[in-house]
Chemist: 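Just dropping this structure here.
For the numbers below, each heavy atom of this structure counts, side chains included, while hydrogens, waters and symmetry mates do not.
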Amino acid sequence: MTTLRSARIPAAVAILVAFAVGLTSAVGMADGLDYFLDASFSIDAIVRGDLRDFSANPALMGDFSIFLRALFVRPVFEQSLTVVYLAGALPCVGAVVVLALYLRRRMRALGLPEACVLLVGLLAVFNPGTLRSLHWGHPEEILAGALCVGAIIAAARERGLLAALLLGLALGTKQWAAIAIVPTLLAASEQRVRLLAIAGVLAVAIALPSLLLAPHAAVRMQTSVVQAQPVVSPPNVWWLISTPRSAAERKVNAPGFAAEIPTWAGTLSHPLIVLLAVPLGWLFWRRRALLAPHDALGLFALLMLARCLLDPWNIDYYHAPFLLALLCWEALGRDGWPRLTLFAGAALALTFPASIDSMTQLSADSLRYCVTYLAWALPLAAWLALALFAPQRLERVRHRLRALRTRVTRAPAATVAVGRS
C-alpha cells in the first residue's frame with residue numbers, strides 16, 4: 001500500500017505542475033485577443049447581474065462556460081484583465097485535470113506501465129492544443145473537449161446518465177460538440193434514445209435564458225456560427241481554392257484574412273463538418289463487431305481532425321479536442337503509449353510557432369503554413385481512418401514501409417561491400 005501511494009504522489013504532482021505551466025500560457029495576453037473581444041462581455045455582464053446586456057450581446061459559443069467562468073471571475077472582478085481571465089480559465093483547465101486523473105486511475109487498473117500512465121497524464125494537460133487555447137483566450141475549447149471525451153468514455157463504460165449529462169453540458173458549451181453525438185451513441189450499448197433525449201433537454205435548458213431574453217440576438221449569433229464568412233486562413237483544404245483579397249476588402253471586414261473562398265464553400269463548410277459524422281458513424285456501426293466501445297474515441301478524434309481540415313478559419317487551438325480524444329483513445333483503446341498524440345502535438349507546435357498572436361501573421365506566409373499543415377494532417381487523418389475502418393490495409397502499408405526501410409538501410413552496406421571487393 002505504501003508503494004502504491006508513493007507512486008501516486010509524483011504522478012499527481014507532475015500533473016499539477018503541468019496544469020500550472022499550462023495556465024502560464026495565458027499570462028501576458030494583450031487586449032485584442034479573442035477573449036477580450038467575445039466572452040469577456042458576456043461574463044462581465046453576468047458578474048454585474050445585467051441579464052439584458054448579457055442576452056443582447058451573446059458570445060460566439062454556448063452559455064455553459066460563460067455561467068461557469070462567471071462564478072470564478074466574481075471574486076476577482078476588480079483585478080487586472082489577466083487575473084480576471086485566468087480566474088475564468090481555471091475551471092476549464094480543471095476539467096482537463098479531472099480527465100487526466102481519471103485516465104491515470106483507469107490505466108493503472110488496466111495494469112499499464114507507470115511511465116506510460118505518467119506520460120498520458122502530462123499530455124492531457126500540457127499539450128499545444130491546451131496551451132494555445134489559453135493563449136488565444138478560448139479555455140471553453142478545452143472544457144468542451146474534456147466534456148465530449150468524458151461523455152464517450154462514460155457511454156463506453158455503460159454509464160448512460162453520466163454520458164448524457166456530460167454530452168448535454170458539452171453541447172451547451174460549444175456548437176461543434178454536436179460532432180460528439182454520433183461517437184457517444186456508438187459507444188453506448190443501450191438506451192441511446194434516452195441518452196440523446198437527456199443531453200438535448202440539458203443543452204436546451206442552458207440556452208433557454210438567452211433565447212427568452214433576446215431571441216433575435218441568440219438566433220443571429222447561432223446563424224453566424226453555422227454560416228462561415230467566405231474568408232479563409234491558410235491551414236485547411238479550402239485555402240487551395242482561395243483567391244487573394246484586396247487591401248480595400250480587408251479594411252472593410254476581417255483584415256487578418258488575406259484570402260477568400262467562394263460563398264458556397266463558406267456556407268457548406270460548417271454543416272459538412274457536422275454531417276460527416278453520419279457516413280463515418282455508419283461505417284463504424286457496420287464494423288461494430290470488430291471494434292471496442294472505446295474505439296468511438298478514435299472516431300471522435302478523426303472527426304475533430306476533419307473539422308480542423310475543413311474549417312475555413314482553422315487555427316492551432318482548434319486542435320485541443322482532437323488531441324484530447326486521440327490521447328484518450330491511445331490510453332484506453334490501444335496499448336496505452338500515446339505515440340500518435342506525441343507526433344500530432346509536435347507537428348502542431350512546429351506548424352504554428354508560439355510567437356503567432358494574430359491571423360495577419362499567418363496570412364503573411366500563407367503557402368508555407370498551408371503546405372506544412374496539410375503535409376502531416378492529411379496523412380494522419382488517413383491513418384486514423386484506416387486504423388478504424390480498414391486495419392488489414394493499414395497493416396499492409398506498414399509491412400511495405402518496413403520492407404522499404406530494410407532495403408534502404410541495407411543498400412549502403414551492399415555498396416561498401418562491392419567497393420571493397
Side-chain angles (χ1 to χ4, degrees), residues 95-96 98-110 112-113 116-117 119-125 127-130 142 144-159 163 166-167 170 176-177 179-189 276-277 280-281 283-285 287-288 290-309 319-348 376-377 379-391 394-395:
V96 183
V98 171
L99 177 62
L101 293 174
Y102 169 80
L103 289 174
R104 169 176 164 73
R105 182 168 63 86
R106 184 64 188 149
M107 291 175 72
R108 286 186 63 85
L110 294 172
L112 294 170
C116 175
V117 175
L119 180 59
V120 167
L122 287 171
L123 284 176
V125 181
N127 65 72
T130 299
I142 51 180
L147 290 170
C148 287
V149 169
I152 296 170
I153 293 174
R157 300 276 292 165
E158 299 184 358
R159 298 182 179 180
L166 292 174
L167 180 60
W176 57 251
I179 299 170
I181 292 175
V182 170
T184 303
L185 295 178
L186 289 169
S189 60
L276 187 61
L280 292 184
L283 290 175
F284 190 98
W285 177 258
R287 299 196 72 253
R288 64 190 182 279
L290 302 174
L291 295 168
H294 279 117
D295 285 326
L297 289 165
L299 175 62
F300 183 54
L302 173 60
L303 289 170
M304 292 310 297
L305 180 55
R307 175 246 178 162
C308 297
L309 283 162
H319 297 76
F322 156 68
L323 290 175
L324 277 179
L326 184 61
L327 177 69
C328 292
W329 183 44
E330 292 192 286
L332 302 177
R334 300 180 74 77
D335 66 358
W337 291 101
R339 301 177 184 87
L340 285 176
T341 307
L342 284 169
F343 166 77
L348 189 66
W376 66 265
L380 181 54
W383 192 99
L384 291 172
L386 289 174
L388 288 169
F389 307 127
L394 180 61
E395 188 55 37

Chemist: Using the test side chain to side chain contact (heavy atoms under 4.5 Å, CB included), find all partners of L185 that sit at least two apart in sequence or belong to another chain.
Modeler: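 Side chain to side chain contact (heavy atoms under 4.5 Å, CB included) list for L185, sorted by chain: I181, R192, L195, L196.
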Chemist: Distance check, rounded to the nearest 0.5 Å: L380 atom CG versus L309 atom CG?
Modeler: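 So the gap between those two atoms works out to 9.0 Å.
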Chemist: Nearest 0.5 angstrom please: L299 CG to M304 CE, how far?
Modeler: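 Here the rounded value is 11.5 Å.
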Chemist: Run the side-chain contact (heavy atoms from CB on, under 4.5 Å) check on R307 and H319 step by step: do they pass?
Modeler: CA-CA 9 Å; R307 175 246 178 162; H319 297 76; over 6 Å; no
Chemist: Quick one: SG on C148 to CG on L303, what's the gap to the nearest 0.5 Å?
Modeler: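 C148 SG to L303 CG: 11.0 Å, rounded to 0.5 Å.
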Chemist: Checking the side chain of R104 only, and the main-chain atoms of L101 only, is there a donor and an acceptor separated by less than 3.5 Å?
Modeler: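 Side chain of R104 to backbone of L101, a donor-acceptor pair under 3.5 Å: no, none is there.
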Chemist: Restricting to non-hydrogen atoms, name the atom on L123 and the atom on P338 that form the minimum distance, rounded to 0.1 Å.
Modeler: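 Between these two residues, the closest heavy atoms are CD1-CG, 3.6 Å.
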Chemist: What is the minimum heavy-atom distance between I142 and A320, and which atoms define it?
Modeler: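 Shortest heavy-atom contact: CG2-CB, 3.7 Å.
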Chemist: Can you confirm whether W285 sits close enough to V182 that some side-chain heavy atom of one is under 4.5 Å from a side-chain heavy atom of the other?
Modeler: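 No, their side chains stay 4.5 Å or more apart.
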Chemist: Run the side chain to side chain contact (heavy atoms under 4.5 Å, CB included) test against L112 and tell me which residues pass, sequence neighbours left out.
Modeler: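 Residues passing side chain to side chain contact (heavy atoms under 4.5 Å, CB included) with L112: M107, L110, V117.
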Chemist: Among all residues two or more places apart in sequence or in another chain, which pass the side-chain hydrogen bond (donor to acceptor under 3.5 Å, both in side chains) test with W376?
Modeler: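 W376 satisfies side-chain hydrogen bond (donor to acceptor under 3.5 Å, both in side chains) with T351 only.
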Chemist: Write down the atom of V120, the atom of A331, and the distance for their closest heavy-atom approach.
Modeler: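 Scanning both residues completely, I find the closest heavy atoms to be CG1-CB, 3.9 Å.
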Chemist: Using the side chain to side chain contact (heavy atoms under 4.5 Å, CB included) criterion, which residues pair with A151? Sequence neighbours excluded.
Modeler: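 If we apply the side chain to side chain contact (heavy atoms under 4.5 Å, CB included) test to A151, skipping adjacent residues, the hits are L166, L167, T184.
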Chemist: Could you please spell out the steps behind the side-chain contact (heavy atoms from CB on, under 4.5 Å) verdict for F300 and L326?
Modeler: CA-CA 8 Å; F300 183 54; L326 184 61; over 6 Å; no
Chemist: Which atom pairs, one a donor and one an acceptor, fall under 3.5 Å between side chains of residues 339-348 and the rest of the protein, sequence neighbours left out?
Modeler:
unit_1	atom_1	unit_2	atom_2	d
R339	NH1	D335	OD1	3.2
R339	NH1	D335	OD2	2.7
R339	NH2	D335	OD2	3.1
T341	OG1	L327	N	3.3
T341	OG1	E330	OE1	2.7

Chemist: Do L386 and P391 touch side chain to side chain, with heavy atoms closer than 4.5 Å?
Modeler: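 A side-chain contact under 4.5 Å is absent here.
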Chemist: Could you tell me which residues satisfy side chain to side chain contact (heavy atoms under 4.5 Å, CB included) with L291, sequence neighbours excluded, listed by chain and number?
Modeler: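 Side chain to side chain contact (heavy atoms under 4.5 Å, CB included) check on L291 returns F284, R287, D295.
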Chemist: Starting from the C-alpha separation in whole Å, work towards a yes-or-no answer on side-chain contact (heavy atoms from CB on, under 4.5 Å) for L280 and F389.
Modeler: CA-CA 9 Å; L280 292 184; F389 307 127; 3.9 Å; yes
Chemist: Looking only at non-hydrogen atoms, find the nearest pair between G121 and A100 and report the distance.
Modeler: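 Reported closest heavy-atom pair: O-CB, 3.8 Å.
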Chemist: Starting at CG of N127, measure out to CZ of F322 and round the result to the nearest 0.5 Å.
Modeler: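 That separation rounds to 10.5 Å.
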Chemist: Can you see which heavy atom on P183 is nearest to which on A296, and at what distance?
Modeler: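 Closest pair (atom of P183, atom of A296, distance): O-CB, 3.4 Å.
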Chemist: side-chain contact (heavy atoms from CB on, under 4.5 Å) for C328 and I152? Distances and angles first, verdict last.
Modeler: CA-CA 10 Å; C328 292; I152 296 170; over 6 Å; no
Chemist: Which atom pair, heavy atoms only, marks the closest approach of G145 to W176?
Modeler: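 Closest heavy-atom pair between G145 and W176: N-CH2, 3.6 Å.
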